[in-house]
Amino acid sequence: MEERINEQKSLDVLVLAAGLGTRMRSNLAKVLHELDGRPLINHVCRTAAALAPRKIYTVIGHQGEDVKEAVLEELNEEYAEFVWQKEQLGTGDAVNSAREYLENEKSTLLVLSGDVPMIKAETLAGLVQQHHNHRGKGAACTILTVQLDDPTGYGRIVRDDGGMFDKIVEQKDGTDEELKVKEINSGIYCFDTKKLFETLSKVQNNNAQGEYYLTDVPKLLSEAGESVSLYKHKDKNEIEGINNRKQLADMEKVLRRRTVKKMMLDYGVTFIDPKNVYISASASIGRDTIIHPNVIIEGETKIGDGCVVRSGTRISNSIIGRGVTILDNCLITDAEVGDRCNVGPFAHLRPMARMEEGAKVGNFVEMKKSVLGRNSKANHLTYLGDATIGENSNIGAGTITCNYDGKNKHATEIGNDVKIGSDTMLIAPIKVGDGAATGAGTVANKDIPSNKLAVGSPARFIKTLNQEEENEDTSQEN
Ligand code: UD1
Ligand code: CA
């Protein structure tokens, strides 16, 4: 019966993220450094949210406003609470800053470190479960531990002769004997919330760092006759903390390898050189797509089946359809490429560029906030900004949509079956009707009606094209 009552205890999460992280030697707060393209703190919050706790509290201090913003990218506002720690006096003090919110809660508090980003939700769930079930009535504190070959830098778990918890000793405070211990404190714990805050008041800062250590709480609890349990986990990668840039780079490597392996084995993606690609864990890539060396795929990018992405290309937060060929050295950000399109080499698709099915963009073509319609082509040296191009149109080499007059951006609308001659300047706002064409070097500063051929600078209309069709349907011309 007791057990059941405990199991129903509500769960809150507290994430410690106020420190600067001196060992990073950075002006950026540690939890804002990125792993897999997202701040460390986002990883922790996403995992915490998977446990569906009542609330997630984040203790903020250094660059607190930025940390807050990063957390809110991951969590709903009503779900996230922020607690300021004015001065960074240690992890015990960090938890203590949440006293007014939590001290009277009859809940379980899961404490996470903002700098331990690889922890998995199922590991945390196991920790919470053991905490609630310990000896049938639950523990006052349960510590997540792991055995490391090289425990340097971590707090050590000292057990008594009976193998039960005795105390945590920090690296800087340990005796030689204590520092030989290889079981370490992950910095992740469950506490009975009320008992935690009662005990925190007793923590002192008489240690090597002059800090208030959260790690003193378990010892004080057990001295007061409360039970402290240890949850020893096997996967050390999950528990690794980031304290310096070397650790961050090593973790990045582990994560990348894991992502690529999963894509090969589960999704059926071919990597010509799996060690030399950088693929976001949030990306998805379809079956039989071939990724060449030195490709970077960032964020929530989705790539369909049967595509080829050649070397030197970076694709960020974009959607690529099926059977697309992306040649070498393209940059594609926040863009959409339809099925069977061809891109590059050296193409630049900027935010809100959209290529529809079968469209083609070649060397040194830049697209921004523009649509290139089905089977339309812009093969060489072109800028398409704020432009909409219909189907089966051809944009000649060196065409520029002159969208900016120095103050405002203007739109260019190009219809279907249009042939824009090489080196045409389209001075927006401008419309080019279906079936129209421009001669080489045209500077068009007014709309070009359907089926007209425009030439010169400024452009003049010299003749009507597609005479036959037009005779059949004169309504087009007015
Ligand atoms: C801490 C533990 C150590 C454990 C290790 C696991 C303590 C005293 N030591 O050491 O036993 O092995 O984590 O990774 O807790 N923070 C604040 N405010 C502060 C100080 C820290 O919010 O005043 C935050 C930091 O931003 C960080 C986390 O708490 O996210 C841990 O702090 P850190 O200084 O990295 O502790 P460690 O020395 O790694
Ligand atoms: Ca740390």
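Indexing begins at 1, ligand by ligand and atom by atom, following the structure's order.
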Q: Might you point out which heavy atoms bring Arg350 and Ala335 nearest each other, and give the distance in Å?
A: O-CB, 3.9 Å

[X] N/O under 3.5 Å from ligand 1 N/O:
{"X": "Ala18", "result": "yes"}
{"X": "Glu87", "result": "no"}
{"X": "Gly153", "result": "no"}
{"X": "Leu16", "result": "yes"}
{"X": "Lys30", "result": "yes"}
{"X": "Gly90", "result": "yes"}
{"X": "Asp115", "result": "yes"}
{"X": "Gly19", "result": "yes"}
{"X": "Thr215", "result": "no"}

Q: Could you list the atoms of ligand 1 found under 4.0 angstrom from a heavy atom of Ser113?
A: 28 (C), 31 (C)

Q. What are the atoms of ligand 1, with element, lying closer than 4.0 Å to any heavy atom of Gln88?
A. 23 (O)

Q: Select one of side chain, backbone, both or neither to describe which atoms of Arg23 lie under 4.0 Å from any atom of ligand 1, heavy atoms only.
A: side chain

Q. Given that the side chain starts at C-beta and the backbone is N, CA, C, O, which of these parts of Ile184 lies under 4.0 Å from ligand 1, counting heavy atoms, or is it both or neither?
A. neither

Q: For the pair Glu178 and Lys167, find out whether any cationic side-chain nitrogen is under 4.0 Å from an anionic carboxylate oxygen.
A: yes

**Q.** Carboxylate-amine/guanidinium proximity below 4.0 Å for Arg156 and Glu170
**A.** no

Q. Right, does atom 17 (C) of ligand 1 have protein non-hydrogen atoms nearer than 4.0 Å?
A. yes

(Q) Using the salt bridge (Lys or Arg N to Asp or Glu O under 4.0 Å) definition, which of the options Lys106, Arg54, Lys55 pairs with Asp12? (A) Arg54

Q.
Going by side chain to side chain contact (heavy atoms under 4.5 Å, CB included), Asp192 matches just one of Glu226, Glu198, Glu105, Lys9. Which one?
A. Lys9

Q: Name whichever N, O or S atom of Asp115 ends up nearest to the Ca ion (ligand 2).
A: OD2

